[in-house]
Amino acid sequence: MQIDRRISAKPLGRIKISDAITNRPYQKEAVTAVCEAIEKKQRKMLIVQATGSGKTRVSISIVDVLTRHNYVKNVLFLADRTALVKQAKKNFVNLLPNLTCCNLLDSRDNPEQSRMIFSTYATMMNAIDETKTKYGEKLFTPAHFDLIIIDESHRSIYKKYQDIFNYFDAMLLGMTATPKNEIDRNTYSVFDLERGVPTFAYELDKAVQEGYLVDYTTIEVKSKIMEEGIHYDDLSDEEKDLFDETFEDDEQIDKDISNTAVNEWLFNKDTIDLVLKKLMECGLKVEGGDKLGKTIIFAKNSRHAQAIVERFHKRYPEYGENFIKQIDYSIKYVDTLIDDFSTKDKMPQIAVSVDMLDTGIDIPEILNLVFFKKVRSFSKFWQMIGRGTRLCPNLFGAGIDKEKFLIFDFCNNFEFFRADTHGTEGGIMASMSEKIYNTKTMIVRELQESKYMLDDAFVSYRRNLVNELQGSVVALNQNSFRVKGHLRFVEKYKELSSWDNLESIEIAEIKEHISPLVTPAKEDELVRRFDYLIYSVSLAILQGNNASLTINRIIKTAEELSKLYNISEVKEQRNIIEKVMTEEFWENVNPLNLDFVRKALRDLLKFIEKERQRIYYTDFNDEIVASLEGTPLKLENDLKNYRKKVEFYLKEHQDNLAVYKIRNNKRLSESDLKELEKILWKELGTREDYVKEYGDTPIGALIRKIVGVDRTAVNEAFSKFLSEERLNSNQIKFVRLIIDYIVANGNVDDNAVFMQEPFRSVGSITSLFKNDLGTAKEIMLVVGEIKKNSEEIA
């Protein structure tokens with residue numbers, strides 16, 4: 001039963017927010033913003049907070065206010081790393097000592113006796129099904145939590161964890177320190193928020209300006225080897241001998257080694273020494289300048305981190321074993337090391353981190369950050385910078401506070417982000433089992449075409465695929481909370497009849513609700529990857545797409561197997577292996593041939609030795625080719641960019657009469673157009689700005705593209721076609737797809753879209769209406785009229 005969540009009746013302005021927890025104006029503003037959102041019956045909130053400790057204190061204050069007013073009873077705090085869970089629990093216990101807390105990762109804690117649970121996402125996924133009360137009942141029922149706090153929500157809300165939020169009937173509160181415009185759009189959609197408009201935002205520039213964070217300066221350094229790599233012809237005679245001696249047995253290495261190899265599999269002593277020397281000479285120091293301040297070196301990988309630590313010990317033995325430590329997942333007691341590094345007067349003083357200290361860790365004493373690896377995700381880069389922004393009173397002695405920190409960049413990160421302030425953000429990656437399942441499903445759909453349904457071999461192949469796909473659904477554990485969350489679709493696709501005719505709606509349902517649930521096959525990863533290659537080529541053939549790159553990978557696999565005829569199992573399949581390597585095979589290939597190849601070769605892959613890149617430790621001379629003091633990377637103001645200003649204005653002013661008309665498929669009047677020109681060409685920018693950004697796009701068409709079309713208006717335009725009396729089911733489905741497209745995209749600018757997905761799966765308009773071309777023309781006239789309504793005036 002859903003809990004009646006109502007905050008105390010007294011006015012928000014009179015809510016007592018403890019100064020002991022939150023004593024800064026922006027923190028209180030954040031708490032108030034959340035309370036106001038809750039009063040408006042909003043159940044999902046997102047806070048962008050520039051400070052680490054500030055972010056923590058805001059979440060603690062929110063829990064304090066809501067628990068004191070009996071608005072929430074049980075709270076769940078989720079983070080993506082063990083260290084962050086541990087740190088969060090410690091902070092809550094210190095500031096809210098009367099709140100019973102449990103870290104699910106600590107077997108000594110009792111979740112049944114705790115009002116606040118701290119957990120990683122993966123642990124909670126298992127705990128929902130497995131954690132029981134003392135009476136043997138499920139502890140974490142859907143109504144158990146009233147509030148879920150999602151730490152670092154800019155990167156932790158992935159598709160595979162979405163089921164947690166769907167399962168619990170709780171308010172969601174996302175907390176992140178990533179700039180609001182760099183938060184992934186998927187994060188905003190989870191919170192039902194417009195992109196770039198969180199519940200509350202307090203960003204770094206303002207926090208620095210108001211004295212709650214410290215700013216930074218940079219030293220940006222380029223070394224010859226990290227910029228150019230190693231080239232044999234440029235080496236001295238002595239180094240050429242060293243090169244020959246080092247790489248003589250490696251056929252993969254010619255005369256040139258790319259700079260991408262540096263710190264990946266080639267670790268050059270002199271390059272590492274240059275970095276350490278620059279840090280030790282120029283890094284900010286404490287204790288009257290005698291001791292390097294707390295420092296994080298961001299390394300590329302674990303071997304790189306290890307090499308850095310070893311070189312430091314060689315060059316600076318006087319500092320002892322504990323001054324510098326490697327901190328990554330390969331270290332056994334890494335949590336203890338992080339605790340020690342987080343303590344002001346404890347060693348290590350330098351932490352060489354691989355991913356573990358990039359985000360979330362709150363260490364005010366940090367004075368130096370060293371980027372010894374490339375970062376191309378702006379949100380991650382910003383989080384890494386945030387490790388040094390904390391205030392630290394009396395760091396340099398009584399009354400001498402931390403006023404700035406220093407960033408050393410040896411990998412052109414600032415140069416990259418000055419040119420491209422968005423970077424490259426990784427998307428949500430489907431698992432291999434998902435990819436295989438989805439590809440097989442698409443093959444099943446393509447085989448529905450009549451030319452395949454008349455061929456017994458293809459009918460049999462399709463039937464076997466369907467049996468495999470449907471069998472995977474039948475095998476799902478219906479006691480799992482994840483499966484229960486998609487039970488309607490699981491029940492549907494357990495039935496063989498549901499696979500008889502797959503169209504775009506069914507494909508979308510399977511991709512969203514079925515394939516993420518399928519348990520991976522208990523097979524070697526190489527085997528599953530090979531299956532995926534074969535299925536991908538089969539699908540490409542059926543859809544008429546180019547698959548040359550994937551085909552080359554299959555041929556390469558066959559070539560590797562051809563070297564292993566001394567193994568009897570491989571020799572038995574010699575004819576097939578040889579055939580796969582010929583052009584003739586691929587000229588006439590079809591999914592049936594390919595599936596025969598897949599079954600014949602998949603179990604032989606275990607005999608292919610994985611090609612391993614050798615690791616090299618070298619000592620070629622390196623030199624600094626450029627070193628300059630840079631300035632902080634400033635975030636672009638939303639409303640300084642004309643395109644952003646236009647989009648922001650139109651989305652915020654959909655009640656404007658002209659915008660309303662465009663959205664509701666009505667033509668503008670002359671006066672409407674003049675009003676829009678005034679707004680776009682005078683108030684938000686100039687006509688030149690408009691032309692530069694949008695060319696000759698009519699204003700109405702631009703507005704339509706940005707704000708879309710109201711579905712009711714589009715339904716009305718096509719209403720005479722949405723009747724079983726006039727159209728059959730497939731024709732109606734085609735019209736509804738047109739409606740969906742126009743609602744989402746504003747107009748159909750090119751009729752070629754009707755030859756693509758999702759229209760293609762229903763059929764072409766000429767085939768669907770081959771006996772009624774007059775109706776097809778009427779439909780296309782309506783499509784054109786909707787477009788005209790955005791481009792022409794009344």
So [Y] and [X], do their side chains get closer than 4.5 Å, heavy atoms only?
X      : Y      : answer
Lys138 : Asp129 : yes
Ile324 : Pro348 : no
Met171 : Val72  : yes
Phe118 : Phe92  : yes
Phe77  : Val85  : no
Leu66  : Asp146 : no
Thr218 : Glu629 : no
Leu369 : Phe298 : yes

Kindly say whether [Y] contributes a backbone atom to a donor-acceptor pair with the side chain of [X] at under 3.5 angstrom?
X      : Y      : value
Lys344 : Pro364 : no
Arg115 : Lys73  : yes
Thr120 : Thr123 : yes
Asp340 : Lys346 : no
Lys380 : Val375 : no
Asn394 : Gly399 : yes
Lys294 : Phe341 : yes
His144 : Leu139 : yes
Arg81  : Met356 : yes
Thr131 : Ile128 : no

Before accepting this row, confirm whether a basic side-chain N of the pair Lys484/Asp163 lies closer than 4.0 Å to the acidic partner's carboxylate O.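 Salt bridge between Lys484 and Asp163, a charged N being under 4.0 Å from a carboxylate O: no.
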Arg387 bridged to Asp358 by N-O distance under 4.0 Å: no
Atom pair [atom1]/[atom2] of [X] and [Y] - distance to nearest 0.5 Å:
X      : Y      : atom1 : atom2 : value
Ile60  : Leu96  : CD1   : CG    : 6.0 Å
Phe200 : Met175 : CZ    : CE    : 10.0 Å
Ile38  : Met45  : CD1   : CE    : 4.0 Å
Ile350 : Gln326 : CD1   : CD    : 13.5 Å
Leu357 : Ile327 : CG    : CD1   : 5.0 Å
Tyr26  : Arg24  : OH    : CZ    : 4.5 Å

Is it true that, when you exclude [X] itself, more than 12 heavy atoms of the residues, nucleotides or ligands shown sit nearer than 6.0 Å to its [atom1]?
X      : atom1 : result
Lys404 : NZ    : no
Lys132 : NZ    : yes
Glu112 : CD    : yes
Tyr329 : OH    : yes

For residues Phe408 and Phe372, establish whether the separation of their ring centroids is below 6.0 Å. no
Closest non-hydrogen atom pair between [X] and [Y], with its separation:
X      : Y      : result
Lys373 : Ala299 : CD-O, 3.2 Å
Thr22  : Lys28  : O-CE, 3.1 Å
Ile338 : Ser342 : O-OG, 2.7 Å
Asp409 : Asn412 : OD1-N, 3.4 Å
Phe140 : Ala127 : CD1-O, 3.7 Å
Asp328 : Ser302 : OD2-OG, 3.0 Å

Quick check on side chain to side chain contact (heavy atoms under 4.5 Å, CB included): which of Leu147, Asp169, Leu173 does Arg43 satisfy it with? Asp169
Passes side chain to side chain contact (heavy atoms under 4.5 Å, CB included), Phe405 versus Val214? Steps please. CA-CA 7 Å; Phe405 65 104; Val214 299; 3.8 Å; yes
[X] vs [Y] aromatic rings, parallel, tilted or perpendicular, using cut-offs 30° and 60°?
X      : Y      : result
Tyr121 : Phe165 : perpendicular
Phe323 : Tyr319 : tilted
Phe381 : Phe414 : perpendicular

Could you go through Phe410 and Val370, starting from their C-alpha distance and side-chain angles, then the distance that decides it, and tell me whether this counts as side chain to side chain contact (heavy atoms under 4.5 Å, CB included)? CA-CA 8 Å; Phe410 292 89; Val370 180; 3.8 Å; yes
Any chance you could lay out the side chain to side chain donor-acceptor pair (under 3.5 Å) test for Tyr212 and Gln27, step after step, and finish with the verdict? CA-CA 11 Å; Tyr212 295 118; Gln27 295 173 351; over 6 Å; no
Per the side chain to side chain donor-acceptor pair (under 3.5 Å) rule, which among Asp109, Asp106, Asn103, Asn94 passes with Lys89? Asp109
Could you go through the side chain to side chain contact (heavy atoms under 4.5 Å, CB included) check for Glu210 and Tyr202 one step at a time? CA-CA 11 Å; Glu210 295 184 353; Tyr202 185 72; 2.7 Å; yes
From CA spacing to verdict: salt bridge (charged side-chain N to carboxylate O under 4.0 Å, His left out), Asp339, Lys90: CA-CA 12 Å; Asp339 287 343; Lys90 179 181 176 182; over 6 Å; no
Walk me through whether Val34 and Val65 qualify under side chain to side chain contact (heavy atoms under 4.5 Å, CB included). CA-CA 11 Å; Val34 168; Val65 167; over 6 Å; no
